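Quick notes on the structure that follows.
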Amino acid sequence: MNVDDLVFFVNGKKIVEKNADPEMTLLTYLRRKLGLTGAKLGCAEGGCGACTVMVSRYLPHQQRLVHSSVNGCLAPVCSLHLSAVTTVEGIGSVARQLHPVQERIAKAHGSQCGFCTPGMVMSMYALLRNNPSPEMTHIEDAFQGNLCRCTGYRPILEGYKSFTKEGGCCGGGGREGGCCLANGNKADGTLTNENKDEVPGESMPLFQPSEFTPFDPTQEVIYPPELMALNQAGPPGSLRFLGERVEWLQPSSLEELLQLKKLHPQAKLVVGNTEVGIEVKFKNMLYPVILAPAFIPELQDIQHTEQGIEFGAACTLTCVGEELKQAVSTSPAHKTQVFQAVLEQLRWFAGLQIRNVAAIGGNIMTASPISDLNPVLQATGCTLTLASTDGVREVQMDEEFFQGYRKTAVQPQEILLSVMIPYSTQWQFVSAFKQSLRREDDISIVTTAMNVTFTPGTSVVKELKLSYGGMGPTTVLARDTASKLVGRHWGEELLEVACSSLAEEMTVDPSAPGGMVTYRRTLTLSLFYKFYLTILQKLAQEDLGSDCLSATDLYHSEIPTSVQVYQDVPEGQQMEDVVGRPIMHLSALTQATGEAAYCDDIPHYENELYVALVTSSKAHARILSIDSSEAELMPGVVACVFADDIPGSNITGPAFLDETVLAHDTVTCVGHIIGAVVADSQVHAQRAARAVNITYQDITPLIITIQDAIAAQSFYQPIRTLQRGNLAEGFKLADYILEGEVHIGGQEHFYLETNVTLAVPRGEDGEMELFVSTQSTAKTQVHTHTQLQRPVDACLDRTGGPTKDIAIPPGKRGPREETREEEEEKKRMRNPYYAKYKVGFQQSGKVMALDVSYYSNAGNSMDLSLSIYIMDRALFHMENSYYIPHIRGRGFLCKTHLPSNTAFRGFGGPQGMLVTESWMSDMALELGLPAEQVRRVNLYQQGEQTPYNQVLDHLTLDRCWDECLRRSHYHQRLEALHQYNRQNRWTKRGLAIIPTKFGISFTALFLNQAGALVHIYTDGSVLLTHGGTEMGQGLHTKMVQVASRVLGVASSKVHVSETSTSTVPNSSPTAASASSDLNGAAVQNACEVLRKRLEPYRTQNPNGKWEDWVKAAYFNRVNLSANGFYKTPDLGYDFETNSGRPFNYFSYGVACSEVEVDCLTGSHKNLHTTIVMDVGHSLNPAIDIGQVEGGFLQGVGLFTLEELRYSPQGVLLTQGPGSYKIPSFGDIPSQLVVSLLRDAPNDKAIYSSKAVGEPPLFLAASVFFALKDAVVWSRTQAGLSGPCRLDSPATPERVRLACQDRFTALCPPAEPGTFQPWDVQV
């Protein structure tokens, strides 16, 4: 059989692909075949949005054009026939003209590392193509499928708010309600000084919306006329595309589809590829035949009948939602109960990019046990129409439809033709609930739909269906409970029977996949109680107490508002001096257009090879044999590489040489790298790597958790101790002694750009040039040279977020970019910590003594877990911001069989400080004193000494504290919170104010150095390079600001070259928040040398221009190139003597946060956060505020959301955005105030600035302790008092189970030791 041409358009250009591969995604086609690298590969599963493009299709049966944001990483290129694709390159460029969508995200400071920015741009662009005047709710919906790890989301929303009805700026032209520039209500959501206490020299807007290019929707790129003509000519005929392993068949009629399904009964029907694509990529499934029914009218048809609305099975979820919304708005409320329940579930169903392509039929046929929609369809008895060559039949979605895990009653030769969603009746009520870890774009933990019909005119139950997802291998009906409730009056007695029955019926095996068994069982009761209250309210036959009303509220987000406050530059500072001004990130515009190049965007070389790693499936085992014979025979394979093939040393390690590049005899974690496969494509390399057969012999003991290590006394040496004062004396002085423990989970870096390296052989001497996404080019160069025994140069322009190095197999080009699945299997995370403490304190709340022991899960090697970074940081921050006269901290590094854990933003500081605030919180509860009072009485004072005997000078903690109280209106909030909590039983609010003190410097003395190289060219342009990595934190931007000031030249003349070991050798890692300090001083040093060389020519020609002085110096043979160097003075600390000065200075900050907790589910809303941060004299307020907000939200993830789950065998179970959840747009506080402390110069860093990268992260602990405060309120109302343990992260599961009540009492956890848990706390 012949194959057909695939015809589609990309950015207005016609593409005719004669050899379309069904296994190739649109993203791969764009990047590899067309060279359009703006769309990025972030997760490959449709969960991050970095790959977002717009797909435009003409729908002949609806006679309309539809623009949809789509995940390029999931969309098969074969599905694009007769479609138009628009990428970020197609809407604007820096050289041509920026589209307003690109301009506004850049100028609003909404792009940091920039890797996610093209996806953000295209999500917004697609929204505007469909709705040129959106509301903020539309923008929030559009971004449900987009993630950012850097910005904290606030600037993205504020930039795009300018497109909305609520936030568009009139540019001074006037509008209804008055001009925002005149009435003080800024279009960017901030407030002008007219709305606040005006402080001279204080600025707030970081950008001016009135300066944006106006948006004119009439000027958008038109749908290609040729494509429109092809669409209007009628449906295309049958299509066939054939790849290496898969055949794609696209029938032109229903009859043909049924014949093909009969011929290929096991073939998959693919509409959006949102499920099959995941199975193929991550479960290694292979479906040799794909049937694509996209052009079959019957499957797209929508029919309104007397019974309800019948949707063709290929209707997308977006289409279903639009149709149901229209029906709800035009029909009586009693008829649309089912529709409203479906819409409630669709609100939180994946992201918009998924809903735009996923079909309702696919959702049903997938038969996922945690489907959001299937419980609604089952509980309301939806009718399914099935078709085959034998005819048509109808089935009900009842308890018989789902016959097992991922199995339905549909026969192999049948297809699902349509879904009938029924109208509801007068006395019928339907509700649907979904509980997940994160509200937006997350899979369900438990999902349910409840459908009750009453005898007319009464509250007697006539019929009841309760359907649950997440409570077994299929969607299940609670039939026994429902039968017990039929005929009963809807009241308290019914509730008691229902809860007791559900507790018995909805049981889950303690070892069930997914874990959280106690929580899931509790949710079945809690969600029924919500339904009970909701119906009670609707029936209005019994008085529903006002304290219960909040439990019936559906979640509705508030439009976020924000204020950013910073200090103006001094009066009289010249305009060309940009130090201290909120200038835009230098790469923001190119990042917004997709022109900024990351490592994997480098054009491909001829004969380029790819590497896939072979990793261990065992956590602790001896390698008995490795058989690569099958892999070597597979298509495209060039070589297999193992430990014996390394020409140099196989020993490596970032601080201690206790690791191997490739495992030789033994593996000590799942994901331990054993070898690599080199092939002509990434796909071929990955397939071959899976074919390498390794035989193991298990080794005991297997140590996975901290508790395992403590029991086995499995510790790395030394055990670190930091002590001051006399503990015994301190505890004698205490009125109270409190002991406790707390666990802080690890955290995945989750940078959007996965690790990527391009290795290119250069020259005859075997030199290897590495383009690598790394924070440490010097380390990469040294380790690779050690392994290869050849000259190495490592370089990069930027990274898509903070990264870690990977080993480069010898003598090969590659590996290019790893998939997130490959990376996460072996990836190093933030160290989990467990701490035990004993604290002595007086009645006043003053702490007298503290004895704390930290246990860190280091993993299978030392990495950075001890010295230089992590445990040392934890011990140096064990008192946080409080003076404790008698103190001892001990640090134990647990040697376990997990991939070695490593440094992450803040190193061990956040772990150490969270322990401090945990016992501080419990102290307040023990004393019955306000927590803020106890914290305030213990705050450091000027001149006091830390436990490591460093004197605190220039202390601003008290100023930050007082300003935070004032700006947050703390006491008014506290009073309102007390009133709210007294009036509401099932929702509670919590409030906390938390300080931080973060030491700035590498704790390893030798790392506190930096180099720079600056060239001045005869045309007056300046090129600088330094040893730091630009990873979104604005390091290059700040270096240009520094150079511009020192040289006295416009910043537009200064350019930054790539970071490279060939220009600046032996650079320290870009870490410890010290990069601006170190590299800035090195750049300053180099520029001062050059300025001094130019000074005679300035003097000789005072009226000349910069270019005149440069040329004069050149003709006089003056060297216009200079190296700069800096080392931080007066540093050095000795643990043995507890003497010296580990830090150059400290960054201080205070945050106040308020939350609202749903005590029945454990979910919460972040209502308000005020942050006051001491950053000295900010080099760039826009960048620094961005770092504060981004660090804060990353901390929100660490302390409330991001949970690493491991199996008892050491397998990471949370891989990728499908199961590991970082904060999304909906997690930012509804009100966010960020203030940079004014008049706080720092004489120990460049231009009186301070470090800002890591210190703000811990301020997110204010959200954690606000949650704990809300939990305490709930427990108090339940009759429980005193301190309570809350481990981090404070997930909905932990919060719900801490809020003990009659529902939790009905679902006790299984006895430990009686079962094998699905996951363990490591």
Side-chain angles (χ1 to χ4, degrees), residues 9-13 26-27 30 36-40 48-57 65-73 75 80 83-94 96-108 110-111 114-148 153 155-164 167-168 212-224 318 351-357 588-596 1225:
F9 282 70
V10 176
N11 297 332
K13 179 182 177 182
L26 171 60
L27 181 65
L30 292 172
L36 297 172
T37 57
K40 309 299 183 190
C48 73
C51 63
T52 302
V53 297
M54 186 179 80
V55 174
S56 303
R57 290 186 174 94
L65 187 61
V66 175
H67 306 288
S68 303
S69 55
V70 169
N71 292 120
C73 70
L80 275 298
S83 299
V85 177
T86 304
T87 72
V88 69
E89 295 95 335
I91 68 171
S93 68
V94 172
R96 191 170 73 244
Q97 183 180 6
L98 271 75
H99 190 280
V101 172
Q102 297 168 321
E103 177 199 36
R104 296 186 191 189
I105 194 172
K107 291 185 176 179
S111 181
F115 201 80
C116 72
T117 305
M120 299 286 182
V121 166
M122 293 312 297
S123 288
M124 187 67 204
Y125 179 76
L127 171 63
L128 292 177
R129 288 303 299 267
N130 290 310
N131 184 357
S133 299
E135 298 175 1
M136 276 303 294
T137 54
H138 299 141
I139 291 180
E140 291 168 353
D141 288 345
F143 285 136
Q144 282 184 348
N146 291 81
L147 295 176
C148 174
Y153 300 108
I156 300 172
L157 285 178
E158 285 200 356
Y160 286 152
K161 188 177 181 180
S162 62
F163 287 108
T164 67
F212 290 155
T213 302
F215 171 55
D216 184 356
T218 66
Q219 299 302 305
E220 295 299 342
V221 178
I222 63 171
Y223 190 72
T318 295
L352 183 59
Q353 296 95 320
I354 296 294
R355 297 197 297 271
N356 283 338
V357 297
L589 294 178
T590 55
Q591 288 168 181
T593 60
E595 296 170 276
F1225 279 86

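Predicted model, so just to flag it, every value in this text is computed and none were measured.
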Residues in ring-ring contact (aromatic ring centres under 6.0 Å, His included) contact with Phe212, at least two apart in sequence or another chain
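Here the qualifying residues are Phe207.
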Suppose we screen for ring-ring contact (aromatic ring centres under 6.0 Å, His included). Which residues come up paired with Phe1225, at least two apart in sequence or across chains?
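ring-ring contact (aromatic ring centres under 6.0 Å, His included) list for Phe1225, sorted by chain: Phe143, Tyr153.
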Just to verify, what does [X] make a side chain to side chain donor-acceptor pair (under 3.5 Å) with, not counting sequence neighbours?
X      : value
Thr86  : none
Glu135 : none
Asn131 : His138
Asn11  : Thr87

How long is the gap from OG on Ser69 to CZ on Arg129, to the nearest 0.5 Å?
13.0 Å
Hey, what do you get for CZ (Arg96) to CD1 (Ile91), rounding to the nearest 0.5 Å?
9.5 Å
[X]: what forms a side-chain contact (heavy atoms from CB on, under 4.5 Å) with it, not counting sequence neighbours?
X      : result
Val101 : His99, Val121, Met124, Leu128, Tyr160, Phe163
Ser68  : Val66, Val70, Asn356
Ala142 : Leu127, Leu352
Val221 : none

Contact between [X] and [Y] at the side-chain level, heavy atoms closer than 4.5 Å - yes or no?
X      : Y      : answer
Leu157 : Met136 : yes
Met120 : Cys148 : yes
Leu98  : Thr213 : no
Phe215 : Arg104 : yes
Ile105 : Gln591 : no
Leu589 : Glu595 : no

Has the side chain of Asn71 got a donor or acceptor atom that lies under 3.5 Å from a matching backbone atom of Cys73?
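Answer holds: no.
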Gln353 side chain to Thr52 side chain, donor-acceptor N/O pair below 3.5 angstrom
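On atom types as modelled, these side chains qualify, holding a pair under 3.5 Å.
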Do Tyr125 and Glu220 pair up side chain to side chain, a donor and an acceptor below 3.5 Å, judged on atom types alone?
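Short answer, yes.
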Using the side chain to side chain contact (heavy atoms under 4.5 Å, CB included) rule, take Arg57 and Leu80 through it: C-alpha gap first, then chi angles, then the decisive distance, then the call.
CA-CA 9 Å; Arg57 290 186 174 94; Leu80 275 298; 4.3 Å; yes
List for me each residue that meets salt bridge (charged side-chain N to carboxylate O under 4.0 Å, His left out) alongside Glu103, sequence neighbours excluded, and say none if there are none.
Lys107
Applying side chain to side chain contact (heavy atoms under 4.5 Å, CB included), run through Val55 and His67 and close with a yes or a no.
CA-CA 6 Å; Val55 174; His67 306 288; over 6 Å; no
